[in-house]
Amino acid sequence: RPATPRAPGPVPGVAPGGAGSAPCARRYPCAVTLHLFDTASRTTRELVPLRPGQVSMYVCGATVQSSPHIGHMRTAVAFDVLVRWLRRSGLAVTLIRNVTDVDDKILAKAAEAGVPWWAWAQRHEREFAAAHDALGVLPPTYEPRATGHVTEMVELMERLVERGHAYVSGPGDVWFDVRSFPGYGALTNQRPEDVGASPDEAGAADGTGAGGKRDPRDFALWKGVKPADPQDASWPTPFGRGRPGWHLECSAMARRYLGAEFDIHGGGIDLRFPHHENEQAQSRAAGDGFARTWVHSAWVTQGGAKMSKSLGNSLLVGTLLEQVRPVVLRYALASVHYRSMLEWSPETVHDAEATWDRLAGFVRRAHERVGTPDDDEVATADLPAAFAAALDDDLNVSAALAVVHEHLRAGNTALADGDRADARTALVAVRAMLDVLGLDPARWETGEGGSRASAALDALVRAELDVRARARAEKDWTTADAVRDRLAAAGVVVEDAPTGARWALAPEQED
RNA sequence: GGUGGAGUGGCCGAGUGGCUAGGCAGCGGCCUGCAAAGCCGUCUACACGGGUUCGAAUCCCGUCUCCACCUCCA
């Protein structure tokens with residue numbers, strides 16, 4: 001986890017005590033409030049919402065040019081935990097997560113596949129949606145598509161041109177003038193002269209200057225349609241026909257749904273430059289305050305290196321879900337601090353699975369003994385102060401999970417001692433904490449699915465277990481163990497509990 | 001070259017001056033007909049070299065190694 005220097009004071013421009021003006025809806029002592037690491041200032045500081053009690057948040061979503069992989073899900077889960085924690089803290093969160101549904105790669109891949117670009121985009125957008133659902137990522141408040149916001153983009157470009165921060169070099173080619181904006185580089189702490197040339201097409205890179213970029217660092221706001229491009233991938237504008245540049249979309253959509261200034265802008269760490277730097281430059285040059293806090297999540301790595309497509313498709317969400325339960329995937333992603341690189345290996349999955357089974361096992365046993373608290377009780381239960389403090393400290397999930405395990409152990413001890421009151425207290429606390437992380441077992445462990453096949457399986461296994469129970473009653477251990485071995489061979493593990501034997505499918509074997 | 005990070009016990013992973021997280025995997029014990037689950041105990045640490053301090057994984061200086069961004073990328 002990267003270093004987290006503390007800002008000496010409150011957020012610049014906010015009067016001291018401003019945070020206190022918001023009504024405190026927390027269920028635990030209000031002394032602690034969320035501190036987040038802000039990429040722009042490179043400090044951890046208190047989140048003071050622009051509007052008391054509300055948080056506006058924009059997270060860069062997918063460019064739907066290929067299938068989702070585990071890295072995409074890491075970012076999604078990281079921000080999902082942030083949203084859940086903000087809401088649990090009593091704040092009303094508006095989350096915008098965009099879909100970039102037109103860009104050069106989508107056009108190129110669709111052409112290669114011989115399908116319309118919009119069909120290609122739609123197909124992958126659905127895959128992302130399914131992956132998000134599978135991992136329990138809450139849907140955003142609004143999920144705008146780039147192609148539906150050309151009007152807002154044109155407006156933004158017009159403002160930039162009027163203010164002298166953008167220029168048109170040819171039909172449909174509109175550029176941001178980096179030299180016109182002294183603040184360029186502020187987000188990523190680069191001096192403007194150190195910034196490399198932007199490689200946008202039709203720029204100075206072709207050596208002729210025909211594209212008309214005034215400065216190699218200038219980046220495309222709008223890309224004029226080329227003869228070879230599909231005509232339906234372009235839109236008319238006062239500057240000519242073309243399609244949006246990547247950076248422009250997010251600025252336009254953030255403003256459309258969140259206003260000129262908003263609380264949090266998030267995304268994967270790789271988007272910091274150039275994407276977010278350019279977004280900020282555009283929006284601020286146009287006169288908008290834009291994001292007050294920048295939050296970036298780290299990578300999933302393999303072999304110590306950044307995951308890449310050359311590693312094959314073994315880390316595609318679709319492939320992984322054939323091998324591991326979705327909740328285990330979520331646990332693996334959510335249990336590491338969002339700014340730490342997450343090394344992905346078979347052990348990662350194994351550890352997550354073992355730990356998850358421990359958590360879910362306690363909840364299941366506790367439910368058998370003390371009943372099932374309703375969801376409302378869980379959602380409003382007091383959270384242990386140490387857990388809340390951990391999450392308030394820049395979402396220190398590892399420390400928060402340590403608190404979960406403390407309560408889990410207390411709960412297991414209470415169950416073993418037959419102390420139902422203590423067991424129930426621990427159960428509610430554990431579920432409430434896990435719920436904040438999107439990991440409440442009661443919401444994930446819904447039996448074996450309730451299908452006819454699983455009902456039939458359950459009946460058959462129970463018949464076997466009845467045989468075994470009779471044998472055990474007669475101390476016929478040979479018969480009893482034979483039943484258990486037979487079930488084990490079929491992939492069913494048996495566990496004797498005070499309330500009788502229970503069964504479960506054996507975990508997936510490691511290869 | 002510019003920018004930003006990382007090196008903690010077998011593995012993963014917290015921890016910004018003292019109270020020595022947590023998980024996984026070992027080992028020992030309790031429980032169990034035997035298991036499983038659970039509980040208790042326990043072994044492996046802070047990249048290296050200096051320094052500051054009564055005391056450093058934690059602060060300072062230096063060294064080494066690794067990674068990311070600067071090109072589309074979550």
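All chains are named by letter (A, B, ...) in the order of the sequence lines, taking the proteins before the strands, and each is independently numbered beginning at 1.
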Participant: Go through C34(B), A14(B), C24(B) for me and flag the one nearest to the Val336(A) side chain.
Facilitator: A14(B)

Participant: Distance check: side-chain N/O of His405(A) vs OP1/OP2 of G22(B), anything under 4.0 Å?
Facilitator: no

Participant: Both Trp477(A) and Thr75(A) contact RNA chain B. Which one's nearest nucleotide lies toward the 5' end?
Facilitator: Trp477(A)

Participant: When all nucleic acid strands are considered with a 4.0 Å heavy-atom cut-off, which category describes Arg472(A): base, sugar-phosphate, or nothing?
Facilitator: base

Participant: Let me know the distance between CZ of Arg217(A) and P of U71(B), rounded to the nearest Å.
Facilitator: 13 Å

Participant: Without hydrogens or angle criteria, can the side chains of Ser251(A) and Glu279(A) be said to hold a donor-acceptor pair below 3.5 Å?
Facilitator: no

Participant: Which is more 5' along RNA chain B, the nucleotide nearest Val494(A) or the one nearest Ala354(A)? Just name the residue.
Facilitator: Ala354(A)

Participant: Does Val397(A) reach a base, just sugar-phosphate, or nothing at all? Heavy atoms under 4.0 Å.
Facilitator: nothing

Participant: Taking the minimum atom-to-atom distance to the side chain of Asn189(A), which one of A74(B), A37(B), U3(B) wins?
Facilitator: U3(B)

Participant: Closest to the His337(A) side chain: A74(B), A14(B), G33(B)?
Facilitator: A14(B)

Participant: Does the separation of the ring centres of His276(A) and His247(A) fall below 6.0 angstrom?
Facilitator: no

Participant: Kindly say if Arg358(A) contacts the phosphate of G38(B), meaning a side-chain N or O under 4.0 Å from OP1 or OP2.
Facilitator: yes

Participant: Of all of residues 479-490 of chain A, which get a heavy atom below 4.0 angstrom from RNA chain B, listed by number?
Facilitator: Asp481(A), Arg484(A)

Participant: Under 4.0 angstrom, heavy atoms only, what part of the nucleic acid is Ala76(A) near: base, sugar-phosphate, or nothing?
Facilitator: nothing

Participant: From C-beta outward on His350(A), which listed nucleotide comes closest to its side chain: C69(B), C24(B), A35(B)?
Facilitator: C24(B)

Participant: Write down the distance separating the P atoms in C64(B) and G13(B), rounded off to the nearest Å.
Facilitator: 26 Å

Participant: Ignoring backbone atoms, establish whether Ser340(A) has a side-chain N or O less than 4.0 Å from OP1 or OP2 of A14(B).
Facilitator: yes

Participant: Between Asn396(A) and A14(B), is there a contact of a side-chain N or O with OP1 or OP2 at under 4.0 Å?
Facilitator: no

Participant: Between the protein and nucleotides 40-47 of chain B, list the N/O to N/O atom pairs that are separated by less than 3.5 angstrom.
Facilitator:
none

Participant: Base, sugar-phosphate, or nothing: which does Asp351(A) touch, judged by heavy atoms less than 4.0 Å apart?
Facilitator: base

